[in-house]
Amino acid sequence: MAKLAQMPRAPLLVLLLMLGVGAAVAVPEYREAPHFTNSAAARCPPPLPATDADAACSPHAAVHVAMTLDAPYLRGTMAAVLSVLRHASCPESVHFHFLASSSSSPEAAAEVRELRDTVRASFPSLAFRVYPFDESRVAGLISTSIRGALDRPLNYARSYLATTLPACVRRVVYLDSDVVVTDDIAALAATPLPGEAAVAAPEYCGANFTAYFTPGFWASRALSEAAFAGRRACYFNTGVMVLDLPRWRRAGYTAQIEEWMELQRRVRIYELGSLPPFLLVFAGRIAAVDHRWNQHGLGGDNYRGLCRGLHAGAVSLLHWSGKGKPWDRLDAGKPCPLDAVWAKYDLLRPAAAIETS
């Protein structure tokens, strides 16, 4: 066993898999990211200690960012983290909160450790914490959707941030794993949330809101009026949100989301995974964010994932929502034009692509 301990991480992982122990998914080797320091001109708080388990509650944590962490989307998560740090005015004062699927099996626990170690290897000075997300908490509430990837239990973890993150974390920016940030994340985190608003996100009131629910839902006045009476409900994308966690807890929003999911199991009222329950609870109740913070749809639709261009206007965040992911298209040799932007943050690619971008 002494010789095993001296082996590099990836070969050791493969050997453990051959022996029937260890992680269920082999995590590829990522390069170490460049280190970005706080700007003297930005009056940043002191850097957060990377190894302090209590750093999340430090008064020096200027921005909190929450993301999910799993092997299939790890490449996207790593690129997103790098993009946040590269463009932040106070990168050493950003704390990341990662939610990773967990179960009682040794394989699942080993995979979570491998994911955590991979993040630490690429970002040695990053302040972050990994939280186990028990999939059984939500698995019985999930109904099938139009795309299998939307049915993963971890997609629903964003609904449980208020009960997962420490109570000291009051405001958090939630980001999907298929985004690249090109602006200072502090500006998004500072979005005003007036009144008792618990969610802020870019709204798209020109979108066909009725398409997100079944005809049977709209045919039932009892359902549609219970959901949206007295509200100007507009579509918003849940891949980029600013959340006020104390307000969320006071209003019991997690329980409200679960109630709609329980109804969906009995009566089919929507087709799109974790998004519609959010719309049912929050549409018409959120604080608006400038559209520049979610240039979404770059992954095409949910069926073919065709190339799409940017919406008109400024860009602070690019979001490859939809079926087509930039890492898959790049690996297949069929990238879309905007995938070249994502590639600059890909830690599986040559370092020069990041350092000269």
Side-chain angles (χ1 to χ4, degrees), residues 27 29-52 55-56 58 60-69 73-100 115-131 165 169 171-191 239-242 292-295 315-320 326-327 340-357:
V27 177
E29 293 283 344
Y30 290 85
R31 290 179 296 98
E32 183 175 333
H35 177 66
F36 301 99
T37 58
N38 287 350
S39 168
R43 297 182 178 179
C44 299
L48 294 171
T51 57
D52 187 351
S58 169
H60 303 316
V63 177
H64 292 273
V65 178
M67 303 182 70
T68 57
L69 188 66
Y73 283 81
L74 179 61
R75 191 171 173 186
T77 300
M78 300 286 273
V81 171
L82 177 57
S83 72
V84 169
L85 298 176
R86 188 182 189 281
H87 297 283
S89 56
C90 303
E92 294 175 297
S93 303
V94 178
H95 194 286
F96 281 84
H97 306 264
F98 297 112
L99 278 67
L115 291 168
R116 182 187 60 231
D117 292 346
T118 299
V119 173
R120 175 59 67 208
S122 288
F123 300 99
S125 59
L126 185 69
F128 75 91
R129 180 176 170 184
V130 178
Y131 305 79
L165 272 56
V169 179
R171 178 177 290 213
V172 64
V173 176
Y174 175 81
L175 298 176
D176 271 352
S177 296
D178 52 0
V179 307
V180 158
V181 178
T182 60
D183 207 339
D184 189 353
I185 193 71
L188 176 59
T191 299
V240 180
M241 299 184 290
V242 181
R292 68 189 298 158
W293 283 105
N294 196 349
Q295 285 273 352
V315 180
S316 292
L317 183 148
L318 292 85
H319 186 186
W320 280 263
W327 53 90
V341 178
W342 183 91
K344 294 178 180 180
Y345 302 92
D346 184 7
L347 286 173
L348 287 182
R349 295 174 67 83
I354 299 168
E355 294 164 355
T356 62
S357 63

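This is a predicted model, so every value here is computed, not measured. Nothing fancy with the numbering, it's 1 onward along the sequence.
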Mind checking what makes side-chain hydrogen bond (donor to acceptor under 3.5 Å, both in side chains) contact with [X], not counting sequence neighbours?
X	value
Thr182	none
Ser89	Asp184
Glu92	His35
His87	Tyr345

Val130: which residues meet the side chain to side chain contact (heavy atoms under 4.5 Å, CB included) condition with it, sequence neighbours left out?
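Only Leu69, Phe98, Ala100, Val112, Arg116, Phe128 meet the side chain to side chain contact (heavy atoms under 4.5 Å, CB included) criterion with Val130.
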
For Phe123, which residues count as a ring pair (Phe, Tyr, Trp, His ring centres under 6.0 Å) partner, sequence neighbours excluded?
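Scan of Phe123 (ring pair (Phe, Tyr, Trp, His ring centres under 6.0 Å), adjacent residues dropped) gives none.
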
All ring pair (Phe, Tyr, Trp, His ring centres under 6.0 Å) counterparts of Tyr174, not counting sequence neighbours
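If we apply the ring pair (Phe, Tyr, Trp, His ring centres under 6.0 Å) test to Tyr174, skipping adjacent residues, there are no hits.
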
Of all residues at least two apart in sequence or in a different chain, which pass the salt bridge (Lys or Arg N to Asp or Glu O under 4.0 Å) check with Arg292?
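For Arg292, the residues satisfying salt bridge (Lys or Arg N to Asp or Glu O under 4.0 Å) (neighbours in sequence not counted) are Asp183.
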
Can you find a pair of side-chain heavy atoms, one from Val63 and one from Val84, that are under 4.5 Å apart?
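Contact flag for Val63/Val84 side chains = no.
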
Evaluate the side-chain proximity of Asn294 to Val179: yes if any heavy-atom separation is below 4.5 Å, no if none is.
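With C-beta onward as the side chain, the pair stays apart.
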
Give me each pair satisfying side-chain hydrogen bond (donor to acceptor under 3.5 Å, both in side chains) with a member in residues 36-47, each pair once, sequence neighbours excluded.
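Residue pairs passing side-chain hydrogen bond (donor to acceptor under 3.5 Å, both in side chains), neighbours aside: Asn38-Ser93.
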
Say you draw a straight line from [atom1] of [X] to [atom2] of [Y]; how long is it, rounded to the nearest 0.5 Å?
X	Y	atom1	atom2	value
His97	Arg129	NE2	CZ	8.5 Å
Leu348	Glu29	CG	CD	9.5 Å
Leu188	Leu317	CG	CG	7.5 Å
Leu347	Met78	CG	CE	5.5 Å
Leu126	Phe36	CG	CZ	12.0 Å

Can you give me the closest heavy-atom contact between [X] and [Y], atom names plus distance?
X	Y	value
Ser122	Arg31	OG-O, 2.8 Å
Asp346	Arg75	OD2-NH2, 2.6 Å
Pro124	Glu32	CG-OE2, 3.5 Å
Met67	Leu175	CG-O, 3.6 Å
Asp176	His319	OD2-NE2, 3.5 Å
Pro45	His60	CG-O, 3.3 Å

Check for a donor-acceptor pair, side chain of Ser316 on one end and backbone N or O of Trp293 on the other, with a separation under 3.5 Å.
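Not at all, since once roles are kept as given, no pair shorter than 3.5 Å links the two residues.
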
Is Arg86 reaching over with its side chain to a backbone N or O of Pro91, donor-acceptor style, under 3.5 angstrom?
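A pair under 3.5 Å: no.
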
Using side-chain contact (heavy atoms from CB on, under 4.5 Å), reason through Tyr73 and Thr68 one step at a time and then give a plain yes or no.
CA-CA 9 Å; Tyr73 283 81; Thr68 57; over 6 Å; no

Where does the angle between the aromatic ring planes of Trp342 and Trp327 fall among parallel (under 30°), tilted (30 to 60°) and perpendicular (over 60°)?
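Tilted: the ring planes of Trp342 and Trp327 meet at 30° to 60°.
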
